[in-house]
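One structure below.
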Amino acid sequence: MPLTRTTLLKTLVWLSVALAGAGAIGAIALHRGESINSVWFIVAAICVYAIGYRFYSAFIAAKVLAVDASRATPAERFNNGRDFVPTNKWVVFGHHFAAISGPGPLIGPTLAAQFGYLPGTLWILVGAVLGGCVQDFVTLFFSMRRNGRSLGQIARDELGPLGGAVALVGVMTIMIILIAVLGLVIVKAMMHSPWSTFTVGLSIPIAILIGLYMRNLRPGRILESTAIGVALLLGAVVAGGWVESWGIGHWFNYDGPTMALLLIAYGFAAAVVPVWLLLAPRDYLSTFMKIGTIFALAIAIILLQPEIKMPAVTQFIDGTGPIFAGTLFPFVFITIACGAISGFHALIASGTTPKLVSNESEARFIGYGGMVMESFVGIMAMIAACVLEPGIFFAINSPAGVVGSGAEAVANISAMGYTVTIAEMQELAGQMGEETLFARTGGAPSLAVGMASIFSGAFGGMLPALWYHFAIMFEALFILTTLDSGTRVARFMLQDLIGNIWPKFGETSWYPGVLMASALVVAAWGYFLYMGTIDPRGGINSLWPLFGISNQMLAAIALCVGTTILIKSGKLRYAWVTGLPLVWLVIVTSSAAWQKLFSPDVAIGFLAQANHLSAQLQAGELSGEMLEHAPQLIFNNRINAGMTVFFLLTTWVLVLETLRVCYREISGRSQRPSSEAPYVRTQLPEHA
Amino acid sequence: MSGPSCPSMLDRLRQKLITFWRGVRNATGDDAYQRYLEHWYAAHNDDQTQPLSRREFFQAEQQRKWNRPNRCC
């Protein structure tokens, strides 16, 4: 019988996918040799994603959400030819992926490689298929069932005003921390690097040029403008290499704090000029670069099949790592947010995307599939970090305040068991066209070195230095886009918030209000950014965990909303689908927050560090820069502690509110009806 | 008869390329204004008003697009 034969064939195919995946995971988990080939990672990832997508997401679509292909989506019902437009699913997938993937899945895995390749890789795979993909899919679906409403609005509708308010303030705070930490990443990548600073700096006038072209010369000719812009950007990467020989290198050579001030000034300017001038054109360029580079990286890894030199697990799982402090649990789950589960995606999945999906049955491919893709970017970043010799990886990523600088750093890192020499580091810096690669924290430089070695190995022909600066430019480009758009969105939220008390301030056309709100937002992230640059531990050490906690907290908010909706719609027996990742995130964020607050270890606890510094200050043990910066650092540690308390409280208020609403629902005392839009049959020809 | 000189194959290739190019324009928003006009004439055919000009349309679209979170980490 043909039917049975097909079924049998399918079963065999999926069985072999499962076996291949299990074999590959077994290989990377149990391998204890000198090095392991990256192909194992690719095979493991693809098999895990294939099984997760084919079975788990199908189960969620059919049983948990009861996706209904005959139901008209908001895109169809409110079609206005502009934001609500039924769109081809591949196009929506592209838009959604471009919106959710940023620097996060590149930086997080790079930092988490401190624990070895295994913990991060497993978390990226498991976290994505059971957590991140589910969150994105469920949020997208529930937003589509609610006319494309945003997460904050859905939280208010389903949980009540308290839940809504907490979600709103939470989103704004996350935005501030996110911008600060991403700003710090590029400051660290560009400081004392005239080539990078020149190239990234030149991207600003290039974007403006494209903005003017797209507005005045050829309105809306996006492809043609982007092509010109990309050509100019590639020219800027090459030209950066000549800056030293032109004798103008010192114009582009700044230390961290100066670079931070420049970035803050830039951020303010970018926030108050119209979007068409800078933000929109740069976004086209960065989206194009991002998608192109990610594809190129995938092809390069498959062609080159580089060897992974990092051990599976390092001794730093005990919390003594030089890049960031803290034990494997909970910090690997905080360090890798994007790539495994990222709350920020819930804002996109309840923003532009639900207004474009033409049929409910496509939400699975876009929501679940989009996150699978981002998770794969995380795996590639992990590979790029781990192809470096571990000694070199640690020398690039460890702050001078922890391992010392130069000969001292080399000695300390070698003593940890990861041999590295000054000569090796100098040779590498020379190859990459940089003055030094010691203590270039933040993840971007080491990722760029990894990418440069993969690209120049796979495609050859071009100098590693060009690839290195291409990678830095590519990272900086979309970090700047996130920085600009984040500042802008936070400004709108702030204007909205203060507008409740002072209505004039809330008018987005009132220019003094715009200036004040922009200044407040830029000052907020600028503060954390600047403090990060004077922190002897490199800043990333405090800011990245704070970002991870806040991002996971946002994910917890989205999962709270999802669980509530499931229970309200009579799906209590499936509530574990969002409930289990929620419980896991609450455990992870709470314990990480607790440790960041109260750990007696000065490398981990914000308060312990503040107390330690003030004791040193009083005993007169500090000198030089440390003496000068100590009062600021003490104050900053207390601010960080305050932020942590805020994130912890926000999470728990929302969790308790969810429990209350769900308890009322289960015990039959429901008051708040579901906000789902009524059923309308689709008229679109292919589904009607 | 087959081979690259076969007209039907060339036609098919041309068709494939055209579809691909349409997809690229669609995905990048290069054809957003055309799509807007098509929608506008379909929805407002008995109206006295005029659709937005190309320039007005793109200015309004950019304002709308950047007023909410649309770029992630």
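Chain naming here is simple, since letters A, B, ... match the order of the sequence lines and numbering starts at 1 in each. The figures that follow rest on heavy atoms only: side chains count, while hydrogens, waters and symmetry mates do not.
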(message) Closer than 4.0 angstrom, basic N to acidic O: yes or no for Asp283(A) and Arg71(B)?
(response) yes

(message) Looking at every heavy atom in both Asn26(B) and Thr87(A), which two are closest together, and how far apart are they?
(response) OD1-CG2, 4.5 Å

(request) Under 4.5 Å heavy-atom distance to chain A, tell me which part of Arg55(B) shows up: side chain, backbone, both or neither. (result) both

(message) At a 4.5 Å cut-off on heavy atoms, which part of Tyr284(A) comes close to chain B: side chain, backbone, both, or neither?
(response) side chain

(message) Could you measure the distance from the CG atom of Asn80(A) to the NE2 atom of His39(B)? Nearest 0.5 Å is fine.
(response) 6.0 Å

(request) Look up atom NZ in Lys65(B) and atom OG1 in Thr352(A), then write down how far apart they are to the nearest 0.5 Å. (result) 8.5 Å

(message) I need the Arg215(A) CZ to Gln59(B) CD distance, nearest 0.5 Å.
(response) 3.5 Å

(message) So for Asp484(A), is it side chain, backbone, both, or neither that comes closer than 4.5 Å to the heavy atoms of chain B?
(response) neither

(message) Give me the atom names and distance for the closest heavy-atom approach of Phe492(A) to Trp66(B).
(response) CE1-O, 4.1 Å

(request) Count the heavy-atom pairs under 4.5 Å between each of Pro219(A), Gly102(A), Gly104(A) and chain B, then report the option with the highest count. (result) Pro219(A)

(request) Carefully, step by step, assess Val24(B) and Leu223(A) under the rule side chain to side chain contact (heavy atoms under 4.5 Å, CB included). (result) CA-CA 9 Å; Val24(B) 170; Leu223(A) 276 174; 3.9 Å; yes

(request) Could you look at Phe288(A) and say if it's the side chain, the backbone, both or neither that has a heavy atom under 4.5 Å from chain B? (result) neither

(message) So which atom in Ala60(B) and which in Arg82(A) form the shortest heavy-atom distance, rounded to 0.1 Å?
(response) CB-NH2, 3.1 Å

(request) Working to the nearest 0.5 Å, report the span between CZ of Arg221(A) and OG1 of Thr28(B). (result) 12.0 Å

(request) With a 4.5 Å cut-off on heavy-atom pairs, point out which of Arg54(B), Gln62(B), Arg35(B), Gln63(B) contacts chain A the most. (result) Arg54(B)

(request) Could you tell me which portion of Thr287(A) (side chain, backbone, both or neither) has an atom closer than 4.5 angstrom to a non-hydrogen atom of chain B? (result) side chain

(message) For chain A, which candidate among Tyr36(B), Tyr33(B), Phe57(B), Phe58(B) shows the most heavy-atom pairs at distances under 4.5 Å?
(response) Phe58(B)

(message) I want to check something: taking the side chain as every heavy atom from C-beta on, are Asp83(A) and Glu61(B) in contact at a cut-off of under 4.5 Å?
(response) no

(message) Under a 4.5 Å cutoff for heavy-atom pairs, which residue among Leu279(A), Leu178(A), Thr481(A), Leu182(A) has the most contacts with chain B?
(response) Leu279(A)

